[in-house]
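Note sheet for the following structure.
In what follows, every chain begins at residue 1, and chains take the letters A, B, ... in the order their sequences are listed. Keep in mind that the numbers below use all heavy atoms, side chains included, and drop hydrogens, waters and symmetry copies.
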Number of protein chains: 2
Amino acid sequence: MRARDENKILAIREKTMALIVSEGLDGFSMNKLAKAAGISPATLYIYYKDKEDLIVQTCIQASLEMMSESLKGFDPTMSFAEGLALQWFNRAKYFTQHQNEVEFVEKIRYSNLYEKPRQIITQHFRETLGPFVQNAIARKELMPLPFEVYWSIAFAPLYQLIKFHTQTRSYHNEKFELSDDIMKQTLALVLKALKPS
Amino acid sequence: MRARDENKILAIREKTMALIVSEGLDGFSMNKLAKAAGISPATLYIYYKDKEDLIVQTCIQASLEMMSESLKGFDPTMSFAEGLALQWFNRAKYFTQHQNEVEFVEKIRYSNLYEKPRQIITQHFRETLGPFVQNAIARKELMPLPFEVYWSIAFAPLYQLIKFHTQTRSYHNEKFELSDDIMKQTLALVLKALKPS
DNA sequence: TTTATAAATGAACGTTCATTCACTTATCTT
DNA sequence: AAGATAAGTGAATGAACGTTCATTTATAAA
């Protein structure tokens, strides 16, 4: 028996994300990937069933890693403000340090390959964030809201900030850096919106 | 001289959007499009320089239409709450009536073809929304905020609601309908966040 | 050292791709 | 009615695509 070369797998994953980010999903091909990763195209089919499987698996793995990083130090019994801030800053940190992974996942998110990743990610979030939200409501730190309203207010602004940051030029045609100040200011508004009155 | 057949152009546009929504950007091809629109592939090159041009132009046109619909009845001297509500409901109405167009633009938005559409759309928004925001701040109806913070709070939640609506199944594994109630509830939170204290 | 086994390969497969070209067709101008 | 012009076409192009296959290579077990 010959052992699998772990470096090859890592190279495949990294180059898959890099190529899809730089050339787009439609510009991505198995032969290009093989060349970029320094392996034969046939090798790809040892690790993955086909092209779709390769992209979907890579997306799932990157998403899970992103989620687990964003929950570092998180505990569902935390106060709402504390728990939400922790998630915001963990995510922002991950985004700045793993821009390729994030942009890759964003591209897949809006393709027709995201159904499976979505199911997996959604379930994980439900399991970890459900109790947190329930606790916060019970403690009257958070208004009871339909999930989609809650999510739209609590996280959509963060993702929008990141999208601004990812795009090279913002509204004012100037480079927009995702600073701590901007994050804190936006988060404060979100908390204000969600606080029971 | 022979006149251009306007129906052909409309068919090309409609089928471009329908095909990209249903089969994804990577599953889209000029030959498929020609067959779907009932014309010869060569005809596509009378109207568009190449495949990229076809997608980009279609995206720009759809985006401008969407924007102009969302600004129907809008006036930059409106009160902030009134103007924002008008835009939210115009957009929601357009989304439900033109789901294909919206999903198409969302797909292009996250591809590598969006640079040009983005510039055009961003400029239009700046021109129409800039004065509105300045007026609102002058009247103390809106906190003065960096643009990216303002946008992240004012519109990102709406787009998130629409994404939930577009996806077949939401967090709770149930079909999520974008109801007036949900919209109003979310908008109220947004206004609460943005109101000067 | 030998043997078994799965990793790994380069070249090749048939298919589909974007695009072109020689040609026909429809309609406006005269 | 004739001529001019651009719309519109079906078939064909070479290139690139995803995938397979016969073969070689490395290594764990004997």
Side-chain angles (χ1 to χ4, degrees), chain A residues 1-61 104 107-108 111-116, chain B residues 1-61 104 107-108 111-116:
Chain A
M1 254 263 277
R2 182 174 167 187
R4 287 190 177 194
D5 187 343
E6 204 59 37
N7 291 331
K8 280 202 176 75
I9 304 178
L10 294 177
I12 292 172
R13 281 210 267 259
E14 194 214 309
K15 294 296 179 187
T16 296
M17 295 191 279
L19 281 177
I20 287 181
V21 167
S22 66
E23 305 193 26
L25 194 52
D26 49 324
F28 176 77
S29 86
M30 297 299 260
N31 290 300
K32 279 188 199 168
L33 170 60
K35 188 160 282 183
I39 58 172
S40 160
T43 306
L44 296 170
Y45 291 84
I46 296 172
Y47 296 99
Y48 301 97
K49 186 174 142 285
D50 54 22
K51 186 188 174 189
E52 177 170 333
D53 183 50
L54 180 145
I55 297 172
V56 168
Q57 295 305 327
T58 306
C59 179
I60 289 173
Q61 207 232 314
F104 164 72
K107 291 220 155 120
I108 305 306
S111 78
N112 288 14
L113 302 173
Y114 195 65
E115 189 53 28
K116 212 167 146 186
Chain B
M1 252 260 278
R2 182 174 166 185
R4 288 192 178 192
D5 186 343
E6 203 59 37
N7 291 331
K8 280 205 176 71
I9 303 179
L10 293 177
I12 292 171
R13 282 211 268 260
E14 194 213 308
K15 294 298 180 185
T16 296
M17 297 191 278
L19 282 176
I20 287 182
V21 167
S22 66
E23 305 193 26
L25 195 51
D26 48 325
F28 176 77
S29 87
M30 297 298 261
N31 291 305
K32 279 188 200 169
L33 170 60
K35 187 161 285 183
I39 59 171
S40 160
T43 305
L44 297 170
Y45 291 85
I46 296 171
Y47 296 99
Y48 301 99
K49 189 175 138 283
D50 54 23
K51 186 188 173 188
E52 177 169 334
D53 183 50
L54 181 145
I55 297 172
V56 168
Q57 294 306 327
T58 306
C59 179
I60 289 173
Q61 208 233 314
F104 164 72
K107 291 222 154 118
I108 306 306
S111 79
N112 287 14
L113 302 172
Y114 196 66
E115 188 54 27
K116 210 166 145 188

Under 4.0 Å, counting only non-hydrogen atoms across every strand here, what does [X] touch: a base, just sugar-phosphate, or nothing?
X       : value
B:Lys32 : sugar-phosphate
B:Ile39 : sugar-phosphate
A:Tyr47 : sugar-phosphate

Test for a donor-acceptor pair under 3.5 Å between the base of [N] and the side chain of [X], counting only N and O atoms.
X       : N      : value
B:Ser40 : D:dG10 : yes
B:Asn31 : C:dA18 : yes
B:Arg2  : D:dA6  : no

Between [N] ([atom2]) and [X] ([atom1]): distance, integer Å:
X       : N      : atom1 : atom2 : value
B:Ile46 : D:dT5  : CD1   : P     : 17 Å
A:Asp50 : C:dT15 : CG    : C1'   : 16 Å
A:Leu44 : C:dG10 : CG    : P     : 12 Å

Using OP1 and OP2 only, check whether a side-chain N or O of [X] sits under 4.0 Å from [N].
X       : N      : value
A:Ser29 : D:dG18 : yes
B:Lys51 : C:dC17 : no
A:Tyr45 : C:dA7  : no

(request) Side-chain contact test, heavy atoms from C-beta onward, threshold under 4.5 Å: evaluate it for B:Phe28 versus B:Thr16 and give yes or no. (result) yes
(message) Using heavy-atom distances to pick each residue's nearest nucleotide on DNA chain C, tell me which of B:Ala42 and B:Ala3 is more 5'.
(response) B:Ala42
